[in-house]
2 protein chains.
Amino acid sequence: MSNCSHCIMKRFNALKTLSHDELERFSDHKTSLIIKKGENLMTEGNSINGLYCIQDGKCKLTKLNTNGKEQIIKFVKGGDILGHRSILSEEPVGLNATALEDMRVCFIPKGDILESIKDNPQFSLNLIKNISLQLSQANTAISQMAQKPVKDRLAETLLSLEEIFGVDNEDCIDVILTREEIANTIGTATESAIRLLSNLKKDGVIDLLGKKIKILNKNALKNISEGY
Amino acid sequence: MSNCSHCIMKRFNALKTLSHDELERFSDHKTSLIIKKGENLMTEGNSINGLYCIQDGKCKLTKLNTNGKEQIIKFVKGGDILGHRSILSEEPVGLNATALEDMRVCFIPKGDILESIKDNPQFSLNLIKNISLQLSQANTAISQMAQKPVKDRLAETLLSLEEIFGVDNEDCIDVILTREEIANTIGTATESAIRLLSNLKKDGVIDLLGKKIKILNKNALKNISEGY
DNA sequence: AAAAATAAATGATAATTGTCATATTTAGAA
DNA sequence: TTCTAAATATGACAATTATCATTTATTTTT
């Protein structure tokens with residue numbers, strides 16, 4: 001099985017401050033798992049006892065609203081970690097993590113993580129920074145959801161998806177989402193999302209190739225996202 | 001000047017795990033300040049080098065949107081702490097903290113806080129839990145802003161305001177907000193907020209006594225907040 | 001490959017929400 | 001107090017967004 005001290009994950013995030021010894025310890029205790037598209041890596045309300053390192057693949061973090069609708073809170077990809085908030089706060093997981101494509105994930109038991117937190121203040125601090133950044137981004141999201149019209153939020157979301165996932169060899173945003181998932185990200189009805197995407201295409205701002213979306217005019221999108 | 005080890009603050013939050021010695025150190029270095037209604041305790045984008053303990057008074061945490069509108073993210077009252085996120089993440093403050101009434105606040109220099117974080121893992125952990133809880137609440141807020149109609153959000157907000165601030169001797173929610181501030185909390189136009197408040201009053205769910213709001217039927221509000 | 005199921009697209013219409021205008025009330029300053 | 005400014009309230013209307021119905025396209029299953 002692969003070794004944590006050689007893993008690409010350690011180049012990212014909080015994990016980059018871990019010593020060789022700590023990574024070896026992780027290696028000895030970790031389990032690798034494959035999450036198939038559509039399956040849940042974490043489920044809202046459940047407790048977990050470890051940290052997930054996303055090796056490969058993409059997932060969405062969602063919340064089920066009281067009205068039964070799914071809200072997508074965040075997208076996660078290879079190199080990201082999941083579950084640290086729950087470990088640190090000793091609370092159940094707050095979001096569902098659902099695979100958007102097949103994923104390769106490593107699971108590192110809570111005990112090892114807590115040990116590193118105790119031994120390695122820098123690791124601990126990096127986890128805190130990660131959570132703080134998420135809080136900061138969440139506050140921005142609240143503001144935008146509350147005050148921006150759907151069209152602006154769609155533009156914003158498309159830019160952010162390209163930022164997160166990059167583009168493929170045809171310059172399309174490198175993630176496959178259904179129209180419903182896009183709608184659940186910006187908080188609108190699926191039909192509205194479809195209509196606004198069609199408008200953006202008609203205006204030459206984006207191109208739609210099946211589920212693939214290509215941004216043609218980033219500046220125009222940026223303007224729309226700011227209400228112009 | 002008052003002494004931290006006798007302060008009511010230490011009954012709350014992360015501070016409750018601090019030792020007598022730590023509190024004495026805080027006491028020696030702290031400064032007390034009065035923030036007048038309308039003044040800012042913290043300002044978005046500025047850096048701070050310490051922790052604020054709110055002794056008394058209320059404030060709103062806001063974010064200025066790209067469209068120039070103010071979004072209220074959170075309300076803060078006596079017993080709460082502010083600035084720990086910025087200290088821990090070593091980033092500028094993300095939100096404005098504006099006094100809703102005159103406030104008494106203590107400021108404890110960053111150095112003392114960082115020392116306690118190093119010495120006292122439980123203190124550190126409690127700060128993390130505080131930030132984690134905020135993140136969890138923020139995610140819920142995103143979902144509600146994105147998916148619930150304004151009426152539901154208003155009902156939700158009224159319940160939450162009573163939860164946070166309690167009621168005065170006339171059973172009114174114990175905080176004075178302008179209609180504009182209520183609108184900026186739920187993310188709507190001031191006129192819409194006014195109209196929906198009037199409707200709730202007409203339906204006998206709340207009573208409006210000037211700026212004071214009294215919840216008459218908590219169950220009805222709860223139902224409205226959930227879309228019934 | 002054909003059939004069935006799911007997703008996307010579009011029109012028609014209704015409901016929600018925002019904007020502008022204006023009146024009324026309240027709070028603050030001279 | 002009296003004046004002035006600001007906040008609240010309400011109507012009229014426009015813009016945005018949701019819902020429902022239906023068609024077309026795409027994906028999945030048999």
Legend entry - Nearest-nucleotide 5' precedence on DNA chain D, A/Leu196 against A/Gly210: A/Leu196
Inset, instruction - May I ask you to say whether A/Lys58 pairs ionically with A/Glu101, meaning some side-chain N is under 4.0 Å from a carboxylate O? - result: yes
Legend entry - Over all atoms of both residues, closest heavy-atom pair of A/Glu170 and A/Asp168: N-OD1, 2.8 Å
Legend entry - Gap separating the CG atom of A/Asp152 from the CD atom of A/Glu156, nearest 0.5 angstrom: 9.0 Å
Legend entry - Distance in angstrom units between A/Gln147 CD and C/dG18 C1', rounded: 13 Å
Inset, instruction - Using whole Å, report how far CZ of A/Arg179 lies from C1' of D/dT27. - result: 14 Å
Inset, instruction - Output yes when at least one side-chain N/O atom of A/Ser192 is less than 4.0 Å from OP1 or OP2 of D/dT17, else no. - result: no
Inset, instruction - Indicate, with a heavy-atom threshold strictly under 4.0 Å, whether B/Thr190 touches base, sugar-phosphate, or nothing. - result: nothing
Legend entry - Spacing of A/Leu209 atom CG relative to D/dA25 atom P, expressed in whole Å: 16 Å
Inset, instruction - Please report, rounded to the nearest Å, how far the C1' atom of C/dT26 is from the NZ atom of B/Lys212. - result: 17 Å
Inset, instruction - Determine: side-chain N/O of A/Ser198 to OP1/OP2 of C/dT10, distance under 4.0 Å, yes or no. - result: yes
Inset, instruction - Could you tell me the separation between the CG atom of B/Asn199 and the P atom of C/dT16, rounded to a whole number of Å? - result: 11 Å
Inset, instruction - Check the surroundings of atom CD in A/Glu180: do more than 12 heavy atoms from other residues, nucleotides or ligands lie under 6.0 Å from it? - result: no
Inset, instruction - With DNA chain C as reference, determine whether A/Glu180 or B/Glu191 sits nearer its 5' end, using the nearest nucleotide of each. - result: A/Glu180
Inset, instruction - Tell me which nucleotide among D/dT8, C/dT17, D/dT17 gets nearest to the side chain of B/Val150. - result: C/dT17
Legend entry - Value in whole Å for how far the C1' atom of C/dA27 lies from CD1 of B/Ile176: 13 Å
Inset, instruction - Using the closest heavy atom to pick a nucleotide of DNA chain C for each, name whichever of A/Arg195 or A/Lys211 lands nearer the 5' end. - result: A/Lys211
Inset, instruction - Calculate, to the nearest 0.5 Å, the distance between atoms NZ and CD1 belonging to A/Lys60 and A/Ile72 respectively. - result: 5.0 Å
Inset, instruction - Could you check how far CD1 of A/Ile194 sits from P of D/dT24, rounded to whole Å? - result: 16 Å
Legend entry - Atom pair distance, as rounded to whole Å: CD in A/Glu181 and P in C/dA7: 9 Å
